Amino acid sequence: MNYTPPIREMQFVLHEVLDAAATLQGAGVDIDRDTIDGVIEGAGDFCARVLAPLNTVGDRDGCRLVGDTVVTPPGFKKAYDQYVAGGWPAVDCDVEHGGGGMPSTVGSAIKEMLASANPSWTLYTSLSAGAYRCLNANASEELKRRYLPQLASGQWTGTMCLTEPHCGTDLGLLTTRAVPAEDGSYRITGAKMFITSGEHDLAENIVHLVLARTPDAPKGTRGISLFVVPKRAVDPDGAVGDRNGVFCDSIENKMGLHGSATCVLRFDNAVGHLVGEVNKGLAAMFVMMNGARLGTGVQALGMNEVANQKALTYARERIQSRAPESMRTPNQAADPIIDQPDVRRMLLTQKSWSGGSRLFLYWLALQVDLRKSSADPSVREYAEDMLSLLTPVAKAFVSDRAVDSASLGMQVHGGAGYIADYGAEQTFRDTRILPIYEGTNGVQSHDLLQRKVLSDGGRRFKQFVEMVSGYAQTLDGRQEMDLFRVALITLAGEIDTLVTDLARWAQDDDCRVGTSAVDFLNLVGYYVLAYFWARAADTVLQLGDQATDFHRQQLAIARFYFDKLLPDTFSLLVRARSDTKILMDDAAIAF
C-alpha cells in the first residue's frame, strides 16, 4: 500500500491555525516549531517506508495461535523492533521513565500517521501508551518503577482487560475474581474477551490492566478494582521471570484488522498487584479508557486520510466517460473521473472530514498538554472541562465520519472498490470497528447528552459555545467571512434552544435522552468542525496575497463544508426533537 504522510496539512493545523508551539511554550513546555516538524517528518518516513508496505500483508496472512503464543504476520516483528530501536514508543512518555518528554500534541500527529499506514500493526502499540498513562496516574511508586520504563521503551506492551463473555459495556456485571495473597499480591481468575493485542510475539512481556472483584466487594461498579497482571512475572527490580497464569484461549476471526490479535484471555490464578485503591478501579481505569477514546478518534482520522488518498489517486488515474465541462472537446474518448461533479462531491466530503477532524483532535491534544503543564489553574480547569465534554464527540463523531469516508472511497473506485486489488475494501473493513470500540457510539452519545451536558446544567457546554460565539463576533464586518460567521451564530442559537428543551423534557420522559442522544452528538460534531474550519478559512484569508495554492485549497474545502455538509444540521435539529413515543412504540417491532 502506498501512503504519503500529510505533513503539509499537519503543519498548517499545528503552526498556522493552532500556533501549537507558542501555546505549549506558554504552558512551560520546552519545544519549538522546528522540533515538532523534525519529529513528525521522521515518524512519517517510518510509517510510509516500513509500515505501509505491511498493511496488505497483515490483512492477507492474519495472526495464528500456535501453542500459547500468537504469531503475528510476516514483517510485523521486524517492524516493531525498528519502531523500538528508533525510540518511537517513548516519544511522549516522561523523561524520568526514559521517554522523550514530547507533548501529546506531537504524539497525536504520530499516531495519526501510524493508523493511516498500518492500523492492525499500530494496535499493538496504542494500548501500551494507555497502560503507561494509567499506571503513571494511579500506581504506587514501586509499581511505577517496575513497569513504566519498559512500557515507555516498548520493551513491553500493554492491554486493557474489561469485557467478559457475559457482559460488554455493563461492567457492573463482571465476575473476574481477585483473591488477596499473604505477600500483598492478588490471585486473578476469570475470562476476558475482545482484548486487543492480548497475546503476540512482538515484545518480551505484555502488561495486562485487569478489572476484577475482591471477595468482599460490593455489587455493581462500586465493587470493581484494578490490577496489573503481567504475562510473565516481573521481579521488583524489573527482571522478567516465568510465565504467569495468563493464557490466550483463542483469537477472534474478525471482519477486518486481520493483522491485529483480538484475544480471549483466561486468567488462572495469575499473580497481580492492586493499582490504586480497592473498589476504585473503574475511576482509575477511566484514565486509560478516555485516552483510548481520544486514540480511537485519532485512529479514525488516520483511516479517513488514507481512504481519501486512495480514492483521490484512483479518481485522477481512472479515465472513463466524458466530463460535463469537456463535452465540447472533440477527438477525446473519455476524461478522468475526478472531473465528474459527483466524484468531486465524494472526494471533498472525505477531505472535509479528515481536515476538520485533524483541526479538532489536535486542538484537543493541546488541551491534554495544557491540563498537564500549565501553571495557571484556570487554564488547567478549562482544558479539563473541554476534554470531559468533547471526548465523546472525538470518539463517536470522528469514527462515524471515518466509516462514511471509507464507504465513499469504495464508491469512488466503483466496481474496483469491491475487490481486494485496490485496498479500498480493506480500509472499509478495518475502519468499521471504530464506532464500536471503547463504548459504542450510542453509549458515547448518551454520555455526552446526559453526563456532560444535562448533568451540570450545561455549564461545560456553554463554555464551548461561548468560545465559538465569541470568535464569531470578532468576524463582524469582514464580508469575506460572513458565510462562516452567520452559520456559527445561527447554529449556536439553535443548539442552545434545543438543550433547554431537552433538559425540560427529560425531567418527565425517561426515554428522552436515549431518543435524542445520537442526533444531538452529531449536531455538536458538525458544530465543532464548523468552528475549526472557520478558523482555518480565517487563517488563509488573513494571508492575503501571501496565500499559496495549498492555502487556497484549505479555503475551498472550508467553503465546501459550510455549503454542502453543514446543512445536515437542519435535519439533526428536527430529529433530536422527535417524539419518543414513536420510537418506543412496540407495534413497530412486534411481528
Side-chain angles (χ1 to χ4, degrees), residues 61-73 76-77 80 120 123-128 130-131 134-135 143 146-147 150-151 154-168 171 173-181 183 185-215 224-235 238-254 257-275 281 285 288:
D61 291 7
C63 297
R64 295 178 293 118
L65 182 59
V66 180
D68 59 3
T69 300
V70 169
V71 178
T72 54
F76 272 40
K77 168 63 173 169
Y80 187 79
S120 287
L123 285 170
Y124 293 103
T125 72
S126 59
L127 289 179
S128 300
C134 183
L135 290 172
L143 288 179
R146 192 183 299 195
Y147 288 100
Q150 289 82 356
L151 282 170
Q155 183 180 352
W156 300 347
T157 63
T159 75
M160 179 169 59
C161 298
L162 287 73
T163 305
E164 299 183 1
H166 62 282
C167 66
L171 296 176
L173 298 177
L174 67 82
T175 59
T176 297
R177 292 179 292 113
V179 179
D183 63 359
S185 66
Y186 288 76
R187 298 299 179 266
I188 313 298
T189 300
K192 299 288 184 178
M193 68 183 302
F194 299 152
I195 307 305
T196 299
S197 311
E199 173 59 45
H200 57 77
D201 59 358
L202 301 183
E204 176 189 30
N205 206 359
I206 302 174
V207 180
H208 303 289
L209 294 188
V210 183
L211 292 181
R213 295 183 183 281
T214 55
I224 296 174
S225 300
L226 177 63
F227 301 88
V228 56
V229 186
K231 170 183 171 179
R232 296 189 181 279
V234 179
D235 295 338
V240 176
D242 296 333
R243 180 80 182 235
N244 202 358
V246 185
F247 306 96
C248 177
D249 284 344
S250 65
I251 53 177
E252 305 291 358
N253 184 15
K254 307 190 297 290
L257 296 174
H258 295 158
S260 169
T262 304
C263 302
V264 177
L265 294 184
R266 172 169 45 90
F267 294 84
D268 187 0
N269 210 35
V271 177
H273 290 85
L274 179 69
V275 177
M285 182 63 97
M288 190 172 186

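All values below come from the heavy atoms of this structure, side chains included, with hydrogens, waters and symmetry mates left out. Bear in mind the structure is a predicted one, so any value in this text is a computation, not a measurement.
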Are the side chain of [X] and the backbone of [Y] linked by a donor-acceptor contact shorter than 3.5 Å?
X: Lys192; Y: Leu211; answer: yes
X: Glu199; Y: Ala261; answer: no
X: Arg187; Y: Ala181; answer: no

Once side-chain hydrogen bond (donor to acceptor under 3.5 Å, both in side chains) is applied, do any residues pair with [X], and if so which ones, sequence neighbours excluded?
X: Ser197; result: none
X: Asp183; result: Ser185
X: Arg243; result: Asp68
X: Arg146; result: Glu142

* Checking side-chain contact (heavy atoms from CB on, under 4.5 Å) for the pair Leu209/Leu127: CA distance, chi angles, key distance, verdict? -> CA-CA 10 Å; Leu209 294 188; Leu127 289 179; over 6 Å; no

* Asked: Between Arg232 and Glu204, is the closest basic N to carboxylate O distance under 4.0 Å?
  -> no

* Asked: Counting only heavy atoms not in Asn253, do more than 12 sit closer than 6.0 Å to its CG atom?
  -> no

Kindly give the heavy-atom pair with the smallest separation between [X] and [Y], and that separation in Å.
X: Val207; Y: Leu151; value: CG2-CD2, 4.2 Å
X: Ile188; Y: Ala178; value: CD1-CB, 3.5 Å
X: Leu162; Y: Met285; value: CD1-CE, 3.7 Å
X: Gly158; Y: Ala131; value: CA-CB, 4.1 Å
X: Thr157; Y: Ala203; value: CG2-CB, 3.8 Å
X: Cys134; Y: Leu226; value: SG-CD2, 3.7 Å

Less than 4.5 Å apart, any side-chain heavy atom of [X] and any of [Y]?
X: Ser250; Y: Cys263; result: no
X: Ile206; Y: Thr159; result: yes
X: Ser126; Y: Thr196; result: no

* Asked: About how many Å separate OG1 of Thr175 and CG of Leu173, when rounded to the nearest 0.5 Å?
  -> 9.0 Å

Going by side chain to side chain contact (heavy atoms under 4.5 Å, CB included), name the residues that satisfy it together with [X], two or more places apart in sequence or in a different chain.
X: Thr189; answer: Arg177, Asn269
X: Glu252; answer: Met193, Phe194, Lys254, Thr262, Val264
X: Thr72; answer: Phe76, Tyr124, His200, Asp201, Leu202
X: Ser225; answer: Thr214, Phe227, Leu274, Val278, Asn279

* To do: State which residues pass salt bridge (charged side-chain N to carboxylate O under 4.0 Å, His left out) with Arg266; sequence neighbours excluded, sorted by chain then number.
  => Asp249, Asp268

* Asked: Could you go step by step and tell me if Leu265 and Cys248 meet the side-chain contact (heavy atoms from CB on, under 4.5 Å) rule?
  -> CA-CA 5 Å; Leu265 294 184; Cys248 177; 4.1 Å; yes

